[in-house]
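This report concerns only the one structure given below.
Each chain gets a letter, A, B and so on, in the order its sequence line appears, and its residues count up from 1.
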Amino acid sequence: MIEDITAIAAWAGLALFVGGAVWDLIAAIGMNRLPDFLSRLHAATIGVIGGAFYPLIGISLILLGTDIMGEYRYIAAGSAALTAFLVLLLAPAGSHALARAARKKGLYRKDILVIDQQEGGETE
Amino acid sequence: MNPAKALGPAILTFIAYIVFSGSVSGYDLITGAAIAAVTGVLVSDFLVTDTRKSLDIRRLGWLIAYAFYYLTVAELKSHLSFAPKVLSGRIRPGVVAVRTPLKTEYGMVTLANSITNTPGTATVDIDPEKQVLYVHWLWVGAEDEEEIREKIAKPFERFIKHIFEGGEQA
């Protein structure tokens, strides 16, 4: 029973980890394809959540589900899980700062916006 | 200094310490408790404004429910719906105003973070007095105020309201 649960955890972790590579690839392609700063931010978000948060959770699950690192696996699994949650909380703070600065300075393409409901969003 | 006020941050620090060290030996438990106590006292004045709210078990339950909903359903849905748009580069971007009933700082920040952390929507500015978030939307799906709120903020607000809002001490 316990072995089944650990095996499921390990395989789920592996799926998240491999999926993370795919999301990172999508994010990288999007980074190149999207036209301006604010829309590239969305590609970056995919890279942060799909490509960093979930793979870190996956690493944690893999380590808890197998015994490839002996007794050190709890340290590594704990660090990975905590790092994932720090990324989840801190990444949007960086995004907000960048987005707000780009918005204030007008460093984005206004011509492709279909709607803009913020009056005076740009100061210069 | 109020010991109950420091308890919330101290418990969080202790959990972080134990998870990070990955061991429950006597040495780690004692060191963790000492560090948690000092950290809790130091940061409680900045982090805690309402002691009763910070130790409310029902709010913790809602937070766990929200984390579960957000990290599975909400993230998966927005990842899957915006990946094709990001890949093809066919977008319809716009900046929309999202009105929110949330009043507390914690509530607004959590909502802004949740919106930014889902692909396809990113908060660019915030107006705490008018309680409006300005959100950059990769594919504008609505222009009416209510509809925008329905699509961007409603699923999160439902949980955040129970976690951070209401029950202020008189």
Side-chain angles (χ1 to χ4, degrees), chain A residues 19 22-23 26-27 29-36 38-50 53-54 57 63 71-79 81-83 85-86 88-96 98-100 102-104 108-109 112-119 121, chain B residues 15-24 28 67 70-72 74-76 78-80 82-99 109-110 112-127 132-140 142-143 145 148:
Chain A
V22 177
W23 288 120
I26 292 174
I29 294 171
M31 251 329 174
N32 284 298
R33 287 194 68 110
L34 292 171
D36 73 336
L38 287 178
S39 38
R40 281 183 181 146
L41 216 53
H42 300 291
T45 306
I46 292 186
V48 166
I49 302 301
F53 175 81
Y54 284 114
I57 296 288
L63 287 166
E71 60 185 289
Y72 293 108
R73 68 179 184 272
Y74 296 112
I75 300 175
S79 317
L82 200 61
T83 311
F85 279 98
L86 286 179
L88 187 69
L89 289 177
L90 297 179
S95 286
H96 290 157
L98 287 170
R100 190 159 184 273
R103 177 84 171 145
K104 289 256 184 242
Y108 60 98
R109 279 179 55 190
I112 56 170
L113 290 186
V114 295
I115 184 171
D116 189 347
Q117 295 183 337
Q118 184 183 20
E119 288 158 26
Chain B
I15 292 173
Y17 183 95
I18 293 300
V19 168
F20 201 78
S21 67
S23 106
V24 283
D28 278 317
Y70 181 77
L71 292 176
T72 53
E75 285 290 359
L76 188 68
S78 65
H79 268 75
L80 289 180
F82 279 97
K85 298 186 177 85
V86 166
L87 278 178
S88 66
R90 281 197 313 116
I91 56 171
R92 219 160 79 82
V95 176
V96 294
V98 181
R99 239 159 262 285
V109 169
T110 309
N113 277 1
S114 304
I115 288 173
T116 302
N117 260 348
T118 44
T121 47
T123 316
V124 292
D125 212 340
I126 186 168
D127 191 332
V132 175
L133 303 171
Y134 296 102
V135 174
H136 185 264
W137 204 356
L138 200 57
W139 188 274
V140 177
E143 309 208 343
E145 191 186 310
I148 290 170

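- Between the CG atom in L82(A) and the CD1 atom in I15(B) there is a gap of 10.5 Å [rounded to 0.5 Å].
- Comparing I18(B), V19(B), L76(B) by heavy-atom pairs within less than 4.5 Å of chain A, the highest count is held by V19(B).
- Between chain A and the options S78(B), S23(B), A112(B), heavy-atom pairs under 4.5 Å are most frequent for A112(B).
- Note that CD of Q118(A) is 10.5 Å distant from CG of L133(B), once rounded to the nearest 0.5 Å.
- No other option in V86(B), V124(B), L138(B), N117(B) has as many heavy-atom pairs under 4.5 Å with chain A as N117(B).
- In this structure, the portions of I112(A) lying under 4.5 Å from any heavy atom of chain B include both its backbone and its side chain.
- Here P92(A) is the residue among P92(A), A81(A), A93(A) with the most heavy-atom pairs under 4.5 Å with chain B.
- Chosen from G94(B), P93(B), G22(B), the residue pairing most often with chain A at heavy-atom distances under 4.5 Å is P93(B).
- In this structure, the portion of S88(B) lying under 4.5 Å from any heavy atom of chain A is its backbone and not its side chain.
- The greatest number of non-hydrogen atom pairs below 4.5 Å with chain B, out of I49(A), T45(A), L113(A), is found for I49(A).
- For chain A, the nearby part of T121(B) is the backbone; its heavy atoms alone come within less than 4.5 Å.
- The heavy-atom pair separating W23(A) from L80(B) by the smallest distance is CH2-CD2, 4.1 Å.
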Under the side chain to side chain contact (heavy atoms under 4.5 Å, CB included) rule, what do N113(B) and H96(A) come out as? Steps first, then yes or no, please.
CA-CA 9 Å; N113(B) 277 1; H96(A) 290 157; 3.2 Å; yes
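- Between T116(B) and S95(A), the shortest heavy-atom distance links the atoms CG2-CB, 3.6 Å.
- Using a 4.5 Å cut-off on side-chain heavy atoms (C-beta onward), L71(B) and F53(A) make contact.
- Looking at A67(B), neither its backbone nor its side chain comes within 4.5 Å of chain A, counting heavy atoms on both sides.
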Pair Y134(B), R103(A) - check side chain to side chain contact (heavy atoms under 4.5 Å, CB included), show working.
CA-CA 11 Å; Y134(B) 296 102; R103(A) 177 84 171 145; 6.0 Å; no
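- Contacts between T118(B) and chain A at a heavy-atom distance below 4.5 Å involve the backbone alone (N, CA, C, O).
- When side chains are defined from C-beta on, L87(B) does not count as touching R33(A), because their heavy atoms never get closer than 4.5 Å.
- By the 6.0 Å contact criterion, OH on Y74(A) is open, its count of non-hydrogen atoms from other residues, nucleotides or ligands being 12 or less.
- Looking at S21(B), the atoms closer than 4.5 Å to chain A (heavy atoms on both sides) all sit in the backbone: N, CA, C or O.
- Both the backbone and the side chain of V96(B) come within less than 4.5 Å of a heavy atom in chain A.
- Only the side chain of I148(B) comes within contact range of chain A, judged by heavy atoms closer than 4.5 Å.
- Heavy atoms closer than 4.5 Å to chain B are found nowhere in Y72(A), neither backbone nor side chain.
- Relative ring orientation between H42(A) and H136(B) is described as parallel, the plane-to-plane angle staying below 30° on a 0-90° scale split at 30° and 60°.
- Between chain B and the residues R100(A), R73(A), R40(A), the largest count of heavy-atom pairs under 4.5 Å involves R100(A).
- Contact count versus chain B (heavy atoms, under 4.5 Å) is highest, among I29(A), D36(A), L88(A), L89(A), for L88(A).
- Here the straight-line distance linking atom CG of L38(A) with atom CH2 of W137(B) works out to 16.0 Å at 0.5 Å rounding.
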With side chain to side chain contact (heavy atoms under 4.5 Å, CB included) as the test, would you mind laying out the steps for K104(A) and D125(B) before giving the verdict?
CA-CA 9 Å; K104(A) 289 256 184 242; D125(B) 212 340; 3.8 Å; yes
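- Neither the backbone nor the side chain of I57(A) comes within contact range of chain B; no heavy atoms are under 4.5 Å apart.
- Heavy-atom distances place the side chain of I91(B), and not its backbone, under 4.5 Å from chain A.
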